[in-house]
**Student:** 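There's a structure below that I have some questions on.
Order of the sequence lines fixes the chain letters, A, B, ..., with proteins taken first and strands second; residue numbering starts at 1 for each chain.
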Amino acid sequence: MPSRLLSVHDLTKAFGGFIAVNRVSFDVAEGEILGLIGPNGSGKSTTFNLIAGALAPSAGSIRLREREIGGLYANRVAHLGVGRTYQIPRPFRKLSLVENVALAAYYGQAGQPSRERAYQQARDALELVKLPSEDAARVDGLGAAGLKKLELARALATQPQLLLADESLGGLDEQEMNQAADMLSGIRDRRGITIIWVEHIMGALMRVVDRCVVLDHGEVIAQGKPQEVAHDPKVIEVYLGTDARQLQSDIAARTG
Amino acid sequence: MKYAALALLAAAPLLGMGNYPLHLLILCLLWACVYTSWSVMGRLGMVSFGHGAFMGIGAYVVVMGWNHYGLSPWIGTPIALALAAAVAFLIGYPCFRFKIVGHYFALVTLALSEVTRLIIVALRDQTGGSLGVTPKTALADVSYSLNALQFSSKLVWFYVILAFWLGGLWIWKKVDESMGRLALEAISQEEDAAASIGINVTKLKLGVTILSALMTCMGGVLYAQYQLYVNPDTVSGIGISLQMVFGVIAGGMFVRLGPTVGAAFTLLLAEGLRLWFGNQYHGLDLTVYGLMLVLFIIYMPKGILGAASGALEKRRMVRAGA
């Protein structure tokens, strides 16, 4: 049994009277790819933002290697080894690609590297996601897939132990989606980075995740292996609804 | 080329320059100092309308210390700098911590510069109120006093202010080359994303704000000691803060010498208007400033120097391509 990297316990976030995340608990093992799924508004992104430090929890705990990180500022969480991407890419448009990623390498690690080292790590990260790493490459030329790769490269350059990937495949076509899924599993396999992947496109996700946590109305309704979760009647009812049959065939096609 | 121009500038007063042109040149460098200080943070997306406050602190703290306590400007200046840094911190910290950016930040700072002016006016028994105040002269029998930081020779002031101007440009260059500048640009575009990659947004913004405030405060000290007269409207308040913003936009805030060009431009404009129309139309210069500001923002958003260097670059590219 690999050791626990992240442990979320009774995590709760209320915005006024609206409870977006309600006593959510799950663990993430080291080296695992965990899928966090659920319909729109189920609390996936809020959970994400709580872990990444963009929001402070109302109650509950988030422990990274037994250290409480709930309520820490985002920059502190980054230093402790959590990298994140945004669902809607947020590049620094006026900077070059290398500068975008080099900032992450320079500021995102616990011990600040030299500038040369940060730029080297930035080029490595860009090459890993197959983006151009020369100085002249700009953000302007990138399409939807390119911007998502940039998000990934920026998060990776902080040398995280845990990568939070937020619906990273939205807006991509089938082929790009599969490439991205392979890229994430490649990152885990080669770099040993643990990944939490928020996604609503089930097919691509099912192929690479080890385990799924399903949220609905801010609560965990199921968790387990992808096939188990996909056959869970509660999941089929609240998340998949009338598309259940479509999903079943999707999974059959993907997982064989 | 660069050094030749600098040598020419340094030698200019020795080549038999009249008193009035020399005075204009000194003022131009002095304002260039202040505008450069403003731009150090202004070009990174933090537009402040409050820099009149820092300039006012520099000018008044030193003069008040000298007049009321006989405190040498050599002691008054560190006190003024410390006060300016403290004010920058008090205004900056809550703004940056709670993500008050853009127009809202500009409004907060606008209030700061006006509050400073009002405080100076309200303490009229000490500060002379809106009539202004003159530092007690130390030049009754001598032509200079190092202790009082008073020099009757304009030439001395020219070299002192030239040195500070060069210092300001040096700081600009250091900031420009730093990773902090990249990080602040990133913050000005996507603040949350910048925080998510480990950038301490509050700390970096505070750092550059305090740096800019210190430089501006120093400009205020030099202004008071050179002019030997300060007035709340000429060193503080909304008017002077707006003038800084206008000058920098006119000159170009994204190139190192832009603020300097802006200083020359605003100074010549003000002097030109004064010579042309005399003092009969009160507030004419402000009206013209306002109108030109609008025109600059629409037609030349990168300022005179920014637009000029952009055009040169284009020509070079065309030539290289041909």
**Student:** Contact part of B:Glu190 toward chain A, heavy-atom cut-off under 4.5 Å: side chain, backbone, both or neither?
**Tutor:**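 For B:Glu190, the contact with chain A is made by backbone and side chain together.
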**Student:** Check B:Gln189 against A:Arg93 and note the closest heavy-atom contact, atom names and distance.
**Tutor:**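 For B:Gln189 versus A:Arg93, the nearest heavy atoms are OE1-N, 2.7 Å.
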**Student:** Could you tell me which portion of A:Arg115 (side chain, backbone, both or neither) has an atom closer than 4.5 angstrom to a non-hydrogen atom of chain B?
**Tutor:**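 For A:Arg115, the side chain is the part near chain B, not the backbone.
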**Student:** Under a 4.5 Å cut-off applied to non-hydrogen side-chain atoms, are B:Asn200 and A:Asn75 in contact?
**Tutor:**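 Counting from C-beta outward, B:Asn200 and A:Asn75 do come under 4.5 Å.
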**Student:** Tell me if the CZ atom of A:Phe15 is crowded by more than 12 foreign heavy atoms within 6.0 Å.
**Tutor:**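 More than 12 heavy atoms, drawn from other residues, nucleotides or ligands, come within 6.0 Å of this atom.
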**Student:** Do A:Leu95 and B:Leu182 have side-chain heavy atoms sitting under 4.5 Å apart?
**Tutor:**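 Answer yes - side chains close enough.
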**Student:** Quick check on A:Ile88: does its CD1 atom have over 12 non-hydrogen neighbours (other residues, nucleotides or ligands) under 6.0 Å away?
**Tutor:**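 No, CD1 of A:Ile88 has 12 or fewer neighbouring heavy atoms, counting only those of other groups under 6.0 Å.
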**Student:** Side chains of B:Asp192 and A:Tyr86, heavy atoms from C-beta outward: is any pair under 4.5 Å?
**Tutor:**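 Touching, per the 4.5 Å side-chain cut-off.
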**Student:** Are any of the side-chain heavy atoms of A:Tyr107 and B:Leu204 separated by less than 4.5 Å?
**Tutor:**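 They are in contact (side-chain heavy atoms under 4.5 Å apart), so the answer is yes.
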**Student:** In terms of heavy-atom proximity below 4.5 Å to chain B, should A:Pro91 be classed as side chain, backbone, both, or neither?
**Tutor:**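 A:Pro91 touches chain B through backbone heavy atoms alone.
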**Student:** Please rank A:Gln109, A:Arg76, A:Glu151, A:Arg154 by heavy-atom pairs under 4.5 Å with chain B and give me the top one.
**Tutor:**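 Top count of heavy-atom pairs under 4.5 Å with chain B: A:Arg154.
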**Student:** Grab the two heavy atoms, one from A:Ala102 and one from B:Met179, that are nearest each other, plus how far apart they are.
**Tutor:**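 A:Ala102 and B:Met179 have their closest heavy atoms at O-CE, 4.0 Å.
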**Student:** Measure distances from A:Ala54 to the heavy atoms of chain B and classify the residue's part below 4.5 Å as side chain, backbone, both or neither.
**Tutor:**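 Neither part, no heavy atoms under 4.5 Å.
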**Student:** So, for B:Ile197 and A:Ala78, which heavy atoms are closest and what is the spacing to 0.1 Å?
**Tutor:**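 In terms of heavy atoms, the two residues are closest at C-CB, 4.1 Å.
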